[in-house]
Amino acid sequence: MALLTRPATETPAPPRPAAPARRRGRTGRWVRDHLVTFFGIAALVYLFIPIAVVVVFSFNAPEGSFNYTWNRFSLDAWANPCSVEGLCASLGLSIKIALLSTVAAVVLGTLAAFALVRHEFRGKALANVLIFVPMATPEVVAGSSLLVLFVGTGFPLGQTTIFIAHTVFCMSFVVVTVKARLVGLDPRLEQAAQDLYANRWQTFWRITFPLILPGVVAAALLSFSLSFDDFIITNFNSGSEVTFPMYVWGAAKKALPPQINVIGTAMLLIALAVTIAGRVVGDRRAAR
Amino acid sequence: MSVAGAPAGPALGRAAAPEAGPGGPASGARSGRLTPYFLLLPLGLALVVFFLLPLLSQLNSSLTSGGLEEGYRFDWAVGNYVEVWLDYWPQFLRSFLYAAAATVLALLIAYPLAYTIAFKVGDGWRPVLLVLIVAPFFTSFLIRTLAWTTVLADDGWVVAALRGSGVLFLTDGVGLTTDGRVLATPLAVILGLTYNFLPFMTLPLYASLEKQDRSLLQASGDLYASAWDGFWKITWPLSLPGVVSGTLLTFIPATGDYVNATFLGSMRESMAGNVIDALFLRVRDYNHAAALSISLMVAIVALVVHYVRRAGTEDLV
């Protein structure tokens with residue numbers, strides 16, 4: 001808002017002599033620069049407000065069964081994250097499903113990305129649109145549609161249906177991520193390998209795969225976190241299975257132990273560690 | 001996401017050219033022509049069986065009458081649609097209003113953030129800030145949303161500060177909050193939606209701002225354009241693709257979301273997703289639930305197509 005009022009005082013400046021007008025322009029620019037940065041910092045603070053709550057309340061010993069108000073400092077939850085019934089089982093299930101659907105989505109998505117970037121063929125535009133549509137479908141619609149199909153065909157809901165649902169919505173994100181990497185890859189590198197009598201298989205594993213690996217890893221990490229964190233689609237297709245988000249959903253109505261915050265904080269730390277490790281490896285590679 | 005593909009621009013043209021020429025390996029023209037189809041087959045099959053077929057069976061279910069006991073009969077039961085619209089239009093409308101409000105708010109917050117990172121900080125800080133933007137989203141979506149209930153609690157200092165500064169008096173006046181409270185009001189739901197989908201707005205904006213040619217701004221400055229003119233005539237138009245994809249990536253999931261409405265709102269704030277969830281999983285009235293779900297999908301597609309067309313023509317001007 002303040003941004004909008006600022007230039008109004010500035011516009012009538014031009015008819016004046018050059019020097020003061022320019023100075024005014026400069027102060028205007030200074031104010032604008034710092035206003036934008038100020039808003040940027042405020043946005044970052046806003047991003048971290050609930051995170052701070054999650055971290056702080058993981059050290060809380062709640063008075064009742066809900067962890068909404070501060071009672072007193074305690075390390076109990078960190079010492080026994082699995083002491084709450086069903087929590088770690090749900091965590092294990094989420095990790096298992098996320099790993100399986102990541103592998104499936106990465107394989108299917110990478111193959112498709114190759115087709116879309118390295119080949120010209122009839123129906124390519126249609127394929128591109130079809131792969132984009134799942135990303136543009138709200139999760140309630142995608143999740144409930146799968147439920148209707150599974151119920152209609154009598155397919156029992158459980159881990160298999162969660163796995164299928166997660167693979168399908170992760171695939172499109174893998175295609176987009178790997179495609180971005182492949183597009184930036186010079187096909188002459190592969191041609192050079194083939195000129196040197198490498199067969200297709202050798203070319204792929206020795207040249208292409210190492211070069212697109214960062215894209216594949218990024219896609220896998222994205223896919224893992226999408227699957228791990230998904231609630232809405234899982235809610236429709238889980239039957240009686242309880243993933244971690246499903247556990248939190250149920251706990252929010254009954255009791256919210258600080259152990260949930262411990263796991264939230266741990267996930268944040270692990271993700272940060274993975275990102276930093278990724279950067280270090282990337283930097284080393286770049287340095288070589 | 002597209003950040004990874006930033007240096008892709010010039011290589012694209014190069015990649016296409018040798019493919020069209022005789023560059024293909026000597027494994028026979030026929031197998032070469034079929035290769036892309038084989039590569040696409042597994043994903044395509046999964047997409048057809050587990051995405052398109054479900055959508056069709058949902059459409060089928062929405063036009064079916066009957067129930068669990070008396071059995072289902074497909075008879076073009078358009079009445080399902082009329083009934084859900086009559087019963088649930090407030091939730092339906094609310095989904096779009098809240099999502100639109102959250103999208104606008106997210107744009108207002110994300111633009112300065114993306115702009116700061118793209119234009120105002122050094123190369124060393126940029127990756128750090130990008131990680132900081134994404135980092136909060138590694139703690140679970142549900143846990144984050146629940147954390148807002150603590151922040152916005154009635155006796156918390158945030159609400160006290162808002163009340164003290166008179167903000168809640170204003171929002172009470174327009175019906176965004178009631179009785180000087182924030183939790184269980186439309187404002188809380190909109191804030192939650194804004195927060196949860198913020199990175200989907202920030203990252204595309206950053207990608208489009210980051211690749212802009214800085215010399216254009218310098219040139220405008222040399223031609224005595226004010227900083228403000230430079231922004232409105234150069235930076236903003238060039239960032240429109242980012243604005244369009246950011247708003248879509250925020251608006252679409254926000255419309256279908258019901259976690260924020262459940263945790264941060266009350267019955268009065270429930271959205272279409274809440275109804276679809278309840279009809280499917282509690283009432284087990286699949287036909288009406290499917291009718292509502294299909295209606296939501298169609299409405300979103302119609303809005304998105306309209307928006308992309310308008311944004312597209314603006315882009316050309």
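Just so we're on the same page: letters track the sequence lines, and every chain starts at 1. As a basis for the values below, the full set of heavy atoms in this structure was taken, side chains included, without hydrogen atoms, waters or symmetry mates.
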- Just wondering, more than 12 heavy atoms not from Phe48(A) lying within 6.0 Å of its CZ?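 Correct, the count exceeds 12.
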Sort [X] into side chain, backbone, both or neither according to what part of it lies under 4.5 angstrom from a heavy atom of chain B.
{"X": "Leu147(A)", "value": "side chain"}
{"X": "Asp230(A)", "value": "neither"}
{"X": "Ala136(A)", "value": "both"}
{"X": "Ser144(A)", "value": "both"}
{"X": "Phe228(A)", "value": "neither"}
{"X": "Phe57(A)", "value": "side chain"}

Go through the atoms of [X] and report whether side chain, backbone, both or neither lie under 4.5 Å from a heavy atom of chain A.
{"X": "Ile252(B)", "answer": "both"}
{"X": "Val128(B)", "answer": "neither"}
{"X": "Ser140(B)", "answer": "both"}
{"X": "Thr145(B)", "answer": "neither"}
{"X": "Thr194(B)", "answer": "both"}
{"X": "Leu146(B)", "answer": "both"}
{"X": "Pro42(B)", "answer": "both"}
{"X": "Asn60(B)", "answer": "neither"}
{"X": "Leu52(B)", "answer": "side chain"}

Just verifying a value: how many Å separate [X] [atom1] and [Y] [atom2], rounded to the nearest 0.5 Å?
{"X": "Phe38(B)", "Y": "Leu111(A)", "atom1": "CZ", "atom2": "CG", "result": "12.5 Å"}
{"X": "Ile143(B)", "Y": "Ile260(A)", "atom1": "CD1", "atom2": "CD1", "result": "6.5 Å"}
{"X": "Arg118(A)", "Y": "Leu39(B)", "atom1": "CZ", "atom2": "CG", "result": "12.0 Å"}
{"X": "Phe231(A)", "Y": "Asp257(B)", "atom1": "CZ", "atom2": "CG", "result": "9.5 Å"}
{"X": "Thr35(B)", "Y": "His119(A)", "atom1": "OG1", "atom2": "NE2", "result": "5.5 Å"}

Find the one option among [options] whose heavy-atom pairs under 4.5 Å with chain B are most numerous.
{"options": "Asn67(A), Leu272(A), Leu130(A)", "answer": "Leu130(A)"}
{"options": "Thr69(A), Thr265(A), Leu116(A), Ile131(A)", "answer": "Ile131(A)"}
{"options": "Thr275(A), Ile164(A), Val107(A)", "answer": "Ile164(A)"}
{"options": "Ala115(A), Pro50(A), Gly123(A), Pro138(A)", "answer": "Pro50(A)"}
{"options": "Asn235(A), Ile276(A), Thr203(A), Leu269(A)", "answer": "Asn235(A)"}
{"options": "Leu44(A), Val140(A), Asn261(A)", "answer": "Val140(A)"}

Taking all heavy atoms of [X] and all of [Y], pick out the closest pair and write down the distance.
{"X": "Leu40(B)", "Y": "Ala127(A)", "value": "CD1-CB, 4.0 Å"}
{"X": "Leu47(B)", "Y": "Pro134(A)", "value": "CD1-CG, 3.8 Å"}
{"X": "Leu149(A)", "Y": "Pro54(B)", "value": "CD2-CG, 3.9 Å"}
{"X": "Gln58(B)", "Y": "Val141(A)", "value": "NE2-O, 3.8 Å"}

Check the orientation of [X] and [Y]. Use parallel for under 30°, tilted for 30 to 60°, and perpendicular for over 60°.
{"X": "Tyr46(A)", "Y": "Tyr195(B)", "value": "perpendicular"}
{"X": "Phe236(A)", "Y": "Tyr258(B)", "value": "perpendicular"}
{"X": "Phe121(A)", "Y": "Tyr37(B)", "value": "perpendicular"}

When you compare the side chain of [Y] with that of [X], does any pair of heavy atoms fall below 4.5 Å?
{"X": "Phe280(B)", "Y": "Val148(A)", "result": "yes"}
{"X": "Val151(A)", "Y": "Arg284(B)", "result": "no"}
{"X": "Val133(A)", "Y": "Phe51(B)", "result": "yes"}
{"X": "Phe137(B)", "Y": "Leu47(A)", "result": "yes"}
{"X": "Ile41(A)", "Y": "Thr116(B)", "result": "no"}

- Item | Sorted by number, residues from residues 288-298 of chain B in contact with chain A (heavy atoms, under 4.5 Å) |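 Ser293(B), Leu296(B), Met297(B), listed by number.
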- Query: Using a heavy-atom distance cut-off of less than 4.5 Å, which residues of residues 149-158 of chain B contact chain A?
  - Reply: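 Within residues 149-158 of chain B, the residues under 4.5 Å from chain A are Thr149(B), Thr150(B), Val151(B).
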- Query: Can you tell which of Thr255(B), Thr262(B), Val304(B) has the highest number of heavy-atom pairs within less than 4.5 Å of chain A?
  - Reply: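 It is Thr262(B).
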- Message: Which one wins on heavy-atom pair count under 4.5 Å against chain A: Ile300(B), Ile276(B), Leu281(B)?
- Response: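 Top option by heavy-atom pairs under 4.5 Å: Leu281(B).
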- Candidates Leu45(B), Leu43(B), Leu41(B) - the one meeting side-chain contact (heavy atoms from CB on, under 4.5 Å) with Leu108(A):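 Going through Leu45(B), Leu43(B), Leu41(B) one by one, the side-chain contact (heavy atoms from CB on, under 4.5 Å) with Leu108(A) is satisfied by Leu43(B) alone.
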